[in-house]
Amino acid sequence: MERRKVRIIGVPIDLGADRRGVDMGPSAIRYAGLHERLKKLGWEVEDVGNIDVPIAETREIKDPLLKYLPEISEVNQKLYPLVAQAIKEEVIPLIIGGDHSLGIGSLAGCAASGKQFGVIWFDTHGDYNSMETTSSGNIHGMPLAVANGIGVKELTSIGGAARKIKEENTVIIGARDFDDEERAMIRQSGITVFTMSDIDRLGMEAVVRQGLEIANRGTHGVHISFDLDVLDPSEAPGVGTPVQGGMTYREAHLAMEMVADCRCLLSMDVVEVNPILDAQNKTAELAVGLISSAFGQKIYP
Ligand SMILES: NC(=[NH2+])NCCC[C@H](N)C(=O)O
Ligand SMILES: [Mn+2]
Ligand SMILES: [Mn+2]
């Protein structure tokens, strides 16, 4: 059965990143025409607004290796039941950020839905650090590890103590910047990684085809976590941790078109859009275009 209803959940969090501004991502994405585009594609769109997120300037960093841990834990505790509930109702939750620390709650929500699911993490980064390996202390560099049970219990226990993802159904696509210890942890994890170099060699079509097959195997569907920094900074300047050598505009659209074609989308995060660093909302507009492709927009249907 195809799902035709999407529920937008805004998470204006910047506490997981080093830079302010990414908290304005949900507004920028909505302003870029998200509702209209989805409706035009025939989706029933519901927007539940934004989750309340504490403002960084009103909080203190207590632990420099886990910056804003209590606040990030609290936000994700609020997020995960919303994600779980949508999936149970056969509605696709579209979680718009905000920094990638919201991935902790969205993956906990997928797990709490009771569905078997795979994950494709489109990202320059592995987001597989812990307080033992981080050099920044930024929790947006940790959500995939947390979902795999690695990290402090204030994060790993959100939505239940068990691991949220299955490594055999988890894929990272577009990677080009791992920290050294993080790389070693990912290698141990059993997660499949397709780097930018793999995309160069195999082509985007083959990479996404294999990625979807891995993520889908034996599951009810796939959670897509899309970090805009996976694109080349020339396409997506409005991100906090840009790294050159990223995906082109067409590669990213192809990937999202293939997500639509697989009819396996269970839920989706779109994160790290930072309007302060952006150029006339270019990155938010790109995000809305990519969301449209993932939800079925075609050039010549
Ligand atoms: N979601 C992101 N943009 N993550 C960037 C993480 C960068 C770096 N690996 C860190 O741990 O700080
Ligand atoms: Mn990320
Ligand atoms: Mn990233």
Side-chain angles (χ1 to χ4, degrees), residues 11-23 25 61 63-69 72 75-76 79 95-107 119-148 150-152 155 165 170-187 189 191 193-196 199 223-233 235-247 252 255 268-278 283 286-287 290:
V11 187
I13 187 164
D14 61 2
L15 300 162
D18 235 343
R19 338 203 25 167
R20 303 283 80 90
V22 65
D23 57 314
I61 295 173
D63 183 348
L65 291 178
L66 288 166
K67 295 178 189 164
Y68 303 106
L69 172 65
I72 292 171
V75 169
N76 283 295
L79 174 59
I95 303 112
I96 55 174
D99 73 63
H100 221 160
S101 66
L102 66 76
I104 295 169
S106 58
L107 287 172
V119 178
I120 302 187
W121 198 268
F122 286 95
D123 207 324
T124 290
H125 307 96
D127 293 349
Y128 211 79
N129 275 307
S130 63
M131 69 180 297
E132 282 78 28
T133 63
T134 181
S135 52
S136 66
N138 295 328
I139 294 179
H140 77 155
M142 308 182 183
L144 199 53
V146 168
N148 212 14
I150 297 166
V152 292
L155 299 175
I165 60 171
T170 303
V171 182
I172 299 172
I173 295 181
R176 57 189 181 278
D177 185 24
F178 293 135
D179 302 318
D180 288 339
E181 289 172 273
E182 177 187 41
R183 184 186 293 105
M185 292 296 288
I186 293 172
R187 198 158 263 142
S189 72
I191 290 171
V193 179
F194 293 101
T195 64
M196 282 312 300
I199 294 171
H223 171 76
I224 300 291
S225 200
F226 197 96
D227 183 330
L228 264 294
D229 71 29
V230 79
L231 279 116
D232 194 79
E235 297 292 350
V239 299
T241 46
V243 179
Q244 65 181 9
M247 282 182 195
M268 184 172 187
D269 306 323
V270 177
V271 300
E272 297 286 343
V273 172
N274 188 327
I276 287 185
L277 303 171
D278 206 2
T283 306
L286 173 63
L290 292 168

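Fair warning: this is a prediction, and the values are worked out from it, not measured in the lab. The figures here come from the full heavy-atom set of this structure, side chains too, leaving out hydrogens, waters and symmetry mates. In listed order, ligands and their atoms are each counted from 1.
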(request) Could you list the atoms of ligand 1 found under 4.0 angstrom from a heavy atom of Thr241? (result) 3 (N), 5 (C)
(request) Could you tell me whether the Mn ion (ligand 2) has an N, O or S atom of Asp99 under 2.8 Å away? (result) no
(request) Please check if any side-chain donor atom of Asp179 sits under 3.5 Å from a side-chain acceptor atom of His125, or the reverse. (result) no
(message) Is it the case that the side chain of Asp232 and the backbone of Gly246 share a donor-acceptor pair, with hydrogens and angles ignored and the cut-off at 3.5 Å?
(response) yes
(message) Could you identify the single nearest non-hydrogen protein atom to atom 2 (C) of ligand 1 and state the distance to 0.1 Å?
(response) His140 ND1, 3.3 Å
(message) Distance under 4.0 Å to a non-hydrogen atom of Asp227: what atoms of ligand 1 satisfy this?
(response) 1 (N), 2 (C), 3 (N)
(request) Using a strict 4.0 Å cut-off to heavy atoms of Ser136, name the atoms of ligand 1 that fall inside it. (result) 10 (C), 11 (O), 12 (O)
(request) Flag Asp127 as yes when one of its N or O atoms lies below 3.5 Å from any N or O atom of ligand 1, and as no otherwise. (result) yes
(message) Check whether Glu182 reaches the backbone of Tyr128 with its side chain - one donor and one acceptor, N or O, closer than 3.5 Å.
(response) yes
(message) Within ligand 1, which atoms have a heavy atom of Asp179 less than 4.0 Å away?
(response) 8 (C), 9 (N), 10 (C), 11 (O)
(message) Below the 3.5 angstrom mark, is there an N/O of Asn138, backbone or side chain, next to an N/O of ligand 1?
(response) no
(message) Using modelled atom types and a 3.5 Å cut-off, is there a donor and acceptor pairing between side-chain atoms of Thr133 and backbone atoms of Ser130?
(response) yes
(message) Consider side-chain contact (heavy atoms from CB on, under 4.5 Å). Of Asn76, Val271, Val119, Asp269, which one does Ser106 pass it with?
(response) Asp269
(request) Could you confirm whether His125 has any N/O/S atom lying under 2.8 Å from the Mn ion (ligand 3)? (result) yes
(request) Heavy-atom contacts with Asp229 under 4.0 Å: which atoms of ligand 1 show up? List them by number with element. (result) 3 (N)
(message) Any non-hydrogen side-chain atom of Met142 less than 4.5 Å from a side-chain atom of His100?
(response) no
(message) Under 2.8 Å from the Mn ion (ligand 2), can any N, O or S atom of His100 be found?
(response) yes
(message) Tell me whether the Mn ion (ligand 3) has Asp123 as a neighbour, meaning an N, O or S atom of it below 2.8 Å.
(response) yes
(request) Evaluate the side-chain proximity of Arg19 to Thr241: yes if any heavy-atom separation is below 4.5 Å, no if none is. (result) no
(request) Look only at the side chain of Asn148 and the backbone of Val146, and say whether a donor-acceptor pair between them is shorter than 3.5 Å. (result) no
(message) Students should be able to answer this: which protein heavy-atom is nearest to atom 11 (O) of ligand 1, and at what distance?
(response) Asn129 ND2, 3.0 Å
(message) Please give the atom name: the N, O or S atom of Asp127 nearest to the Mn ion (ligand 2).
(response) OD2
(message) Below the 3.5 angstrom mark, is there an N/O of Glu272, backbone or side chain, next to an N/O of ligand 1?
(response) yes
(message) Quick check against the 3.5 Å criterion: does Thr124 have a side-chain atom that pairs as donor or acceptor with the backbone of Asp229?
(response) yes
(request) Could you confirm whether Asp227 has any N/O/S atom lying under 2.8 Å from the Mn ion (ligand 2)? (result) yes
(message) Students should be able to answer this: which protein heavy-atom is nearest to atom 7 (C) of ligand 1, and at what distance?
(response) His125 CD2, 3.8 Å
(message) Please give me the minimum heavy-atom distance between Asp99 and Leu15, naming the atom from each residue.
(response) OD2-N, 3.3 Å
(message) Ignoring hydrogens, what is the shortest heavy-atom contact between Phe178 and Arg183? Give both atom names and the distance.
(response) O-NH2, 3.7 Å
(message) With a cut-off of 2.8 Å, does Asp229 put an N/O/S atom close enough to the Mn ion (ligand 2)?
(response) no
